[in-house]
Amino acid sequence: MKLENEDALDNLIICHQCYTLHEEIPIKDGSKACCSVCGGILYRYDNRLIDHGLALSITGLIFFILANVFPLVQIDILGSEQYITIPKTIFSLFESGFYVVGMICAFLIFIFPLMIFAINLILFTLLKFERGDLWTKDLLILLSHITPWSMTDIFLISILVALVKLIGYAQIHMGISFWALAVFVLIDLYIVKRLHLSEVWMLRKRIIQNRERNDRG
Amino acid sequence: MIEVDEDKLIRCPVCAAVNIDRGKANSCRRCGSGIYQHRRFSTEKSWAYLITAMIAYIPANLYPMLVSTQFGATEGSTILGGVVLLWEHGSYPIALIIFVASIMIPVVKFLILIYLLISVKYPIGKDKKVNKHKLYYLTEIIGPWSMIDVFVVAILAALIHLANIEIVAGTAATAFALSVFFTLLAAHAFDETLIKENK
Ligand SMILES: [Zn+2]
Ligand SMILES: [Zn+2]
C-alpha cells in the first residue's frame, strides 16, 4: 500500500470489533459507516458534533446531580421507612468496614461518571472556541482511559434486581432520583458508547488544520 | 510517498489511530501513548493480573456475600447459595441474572483470556474459524456486568437497617470486587496486536 505521508494514515480505520482494516470515506450527515466483515459501527458523521456534545454533557450533568440528591428508592418494611441515595449506598459500605468495595463502588458509580461528563463539557467548550489544543489532547487521552470504568448502567439494573428480591417483604416506592438516573444512563450510553472518541480526534484535527490554513492565507 | 505493509498497521489502544508497527519503539503518532512497548514481556503483565483475579475468585465463592441478622440470628449466604435460594423461592429470572453475572461471566472471561494468552504464544488454536479479536471484544463487553451482585449487596445493605433486621456485605464482596477489577485490568493489559502476528 502506498501512502503520501504518515498523516494519510488518518484516512484508514481499524474495526474495533474484528480488527479489519478499512479506508475511511466521506458519508452523509447523520449517517454511519459499518464494518463489511462483522457489521460493527466504524464511525459516524455528525455535522454539529460540538453542539450536540455540549448539550448532552450539560443535560447529563444536571441529571447526575438530580440522581444524587434525592432518594433512589424508598421502602416500607415492618412499619419503618427506609430510603437510599447513591452517596448513602457508598457511605454505608465504608461504615460497615468495607473500604475496598466502598472505594471501587465510589469510583465506578460516582467519580468516573462525573469526571466523564465534566471532561466532555470542558472538551467540547474548548473545541467550540477553538482553543487549548494541548488541553484537548490530554482530555481525550484521559477520557479514553476512564470510559471503560463507568458503570452507572449496571448499577441501575442492580437496583431493579435488589428490589425484586424485596418484593413480598416490603412496599417499594421509586424515588425521583431513580428516574433521573435512568435518563442519565441513557445519555451516558449515547455519549460513551455511541460517540466514538476517534470522531472527536478527527474533529480536533480539522479545527487545527483550518486554523493553520487561515493563518497562512 | 511511503510504502506501507498492510499487515504492519496496528490500532492505538488509547485513541484508535492507525499506526505503523515499529516494534519496541511504538508510540502513537496522534496521542503519544506507548503502544504495547513491553515486547519482551508481552503477555506476562496480563497473566499476572489474570492469576490474581482467579485467586480472588476462590474466596469470593467460599465466603458469604451477604450476611443477614434477624432477631439476633446471623445467617450468611454465598453466591451459589444465594442463587439456589432464589431458584427455590421461584424467582427464576433474578436467579438467572445473578448466576450469569456472578458465575458464568467471570468463568467465561477467565477461559477466553487463558485461551488468548496461550494461543498467541504457542501454536495451538491457529485455526481461523474463531476470530480472536471478536473473542477479545466480547470480554470487553460482558466483563463489567459481573459487578451486578456487588452492587445489589451494597444496595440491600444500605437499605435494610432496622432495629431487628440488618443486612451487611460479606467477605466475599471484597474478594469478588477485586476479582472483577483484576480481570478488567488483565483484559486491558492484553496486547491485541499479538493476535495479528500469530495469524
Ligand atoms: Zn469489523
Ligand atoms: Zn493513540
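Chain identifiers are assigned alphabetically (A, B, ...) following the order of the sequence lines, protein sequences preceding nucleic acid strands; residue numbering begins at 1 within each chain.
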Asker: What residue, out of B/Ala154, B/Ala157, B/Cys12, has the most heavy-atom pairs lying under 4.5 Å from chain A?
Answerer: B/Ala154
Asker: Report which part of B/Ile97 has an atom under 4.5 Å of a heavy atom belonging to chain A: side chain, backbone, both, or neither.
Answerer: side chain
Asker: Can you say whether B/Ser91 sits under 4.5 Å from chain A via the side chain, the backbone, both, or neither, judging by heavy atoms?
Answerer: neither
Asker: What part of B/Val168 lies closer than 4.5 angstrom to a heavy atom of chain A: side chain, backbone, both or neither?
Answerer: side chain
Asker: So what's closer than 4.5 Å to chain A heavy atoms on B/Ile141: side chain, backbone, both or neither?
Answerer: neither
Asker: Measuring heavy-atom distances to chain B, does A/Lys205 have an atom under 4.5 Å in its side chain, in its backbone, in both, or in neither?
Answerer: neither
Asker: Are B/Lys134 and A/Cys38 side-chain neighbours, meaning at least one heavy-atom pair lies under 4.5 Å?
Answerer: yes
Asker: At what distance, to the nearest 0.5 angstrom, does CZ of B/Arg30 lie from CD1 of A/Ile141?
Answerer: 10.5 Å
Asker: Using 0.5 Å steps for rounding, measure from the CD1 atom of B/Ile155 to the CD1 atom of A/Ile84.
Answerer: 5.5 Å
Asker: Measuring only between side-chain heavy atoms, which start at C-beta, is B/His188 closer than 4.5 Å to A/Trp149?
Answerer: yes
Asker: Given the options A/Ser198, A/Ala170, A/Ala162, A/Ala8, which has more heavy-atom pairs under 4.5 Å with chain B than any of the others?
Answerer: A/Ala162
Asker: Which answer fits B/Ile148, side chain, backbone, both or neither, if we ask what part of it has an atom under 4.5 Å from a heavy atom of chain A?
Answerer: both
Asker: Tell me which of these, A/Cys15, A/Gly40, A/Ser144, has more heavy-atom pairs under 4.5 Å with chain B than the rest.
Answerer: A/Ser144
Asker: Considering all heavy atoms of both residues, which atom of A/Trp201 and which atom of B/Cys15 are nearest to each other, and what is their separation?
Answerer: NE1-CB, 3.2 Å
Asker: To the nearest 0.5 Å, how far apart are OG in A/Ser92 and CG in B/Leu156?
Answerer: 10.5 Å
Asker: Chain B heavy atoms under 4.5 Å from A/Lys137: which part of the residue, side chain, backbone, both or neither?
Answerer: side chain
Asker: Hey, which of B/Asp149, B/Leu138, B/Val150, B/Leu184 has the most heavy atom pairs under 4.5 Å with chain A?
Answerer: B/Leu184
Asker: Answer yes or no: is there a side-chain heavy-atom contact under 4.5 Å between B/Arg11 and A/His16?
Answerer: yes
Asker: Please round to the nearest 0.5 Å and tell me the distance separating atom NZ of A/Lys165 and atom CD1 of B/Ile94.
Answerer: 8.0 Å
Asker: Measure A/Phe155 against the heavy atoms of chain B and call it side chain, backbone, both or neither at under 4.5 Å.
Answerer: both
Asker: Less than 4.5 Å apart, side chain to side chain, heavy atoms only: is that true for B/Leu9 and A/Leu9?
Answerer: yes
Asker: With rounding to the nearest 0.5 angstrom, report the CZ to CZ distance, B/Phe181 to A/Phe107.
Answerer: 9.5 Å
Asker: Would you check if B/Cys31 and A/Leu140 make a side-chain contact, meaning some heavy-atom pair closer than 4.5 Å?
Answerer: no
Asker: Chain A heavy atoms under 4.5 Å from B/Val14: which part of the residue, side chain, backbone, both or neither?
Answerer: both
Asker: Under a 4.5 Å cutoff for heavy-atom pairs, which residue among A/Val100, A/Leu197, A/Asp10 has the most contacts with chain B?
Answerer: A/Asp10
Asker: Please identify which of these residues, A/Val161, A/Val164, A/Ile157, A/Leu160, meets the side chain to side chain contact (heavy atoms under 4.5 Å, CB included) condition with B/Val152.
Answerer: A/Val161
Asker: Heavy-atom distance under 4.5 Å between the side chains of B/Met147 and A/Ile104, does that happen here?
Answerer: yes
Asker: Looking at side-chain heavy atoms only, is the closest gap between A/Ile109 and B/Phe151 below 4.5 Å?
Answerer: yes
Asker: For A/Arg131, does the CZ atom sit with more than 12 other heavy atoms under 6.0 Å from it, leaving out its own atoms?
Answerer: no
Asker: Measure the shortest side-chain to side-chain distance between A/Ile75 and B/Leu159 over non-hydrogen atoms and say whether it is less than 4.5 angstrom.
Answerer: yes
Asker: Is it the side chain or the backbone of A/Ser96 that comes within 4.5 Å of chain B heavy atoms, both, or neither?
Answerer: side chain
Asker: With a 4.5 angstrom heavy-atom cut-off, could you sort out which part of A/Leu93 is near chain B: side chain, backbone, both or neither?
Answerer: side chain
Asker: Using non-hydrogen atoms and a 4.5 Å limit, figure out which bit of A/Leu108 sits close to chain B: side chain, backbone, both or neither.
Answerer: side chain
Asker: Please state whether the side chain, the backbone, both or neither of A/Leu166 comes within less than 4.5 Å of a heavy atom of chain B.
Answerer: side chain
Asker: Measuring from B/Ser33:OG to A/His145:NE2, what's the distance to the nearest 0.5 Å?
Answerer: 5.0 Å
Asker: In terms of heavy-atom proximity below 4.5 Å to chain A, should B/Leu86 be classed as side chain, backbone, both, or neither?
Answerer: side chain
Asker: With a 4.5 Å cut-off on heavy-atom pairs, point out which of B/Pro144, B/Ala16, B/Ala173 contacts chain A the most.
Answerer: B/Pro144
Asker: Could you tell me which portion of A/Tyr83 (side chain, backbone, both or neither) has an atom closer than 4.5 angstrom to a non-hydrogen atom of chain B?
Answerer: backbone
Asker: Between A/Ile154 and chain B, with a heavy-atom cut-off of 4.5 Å, which part of the residue counts as in contact: side chain, backbone, both or neither?
Answerer: both
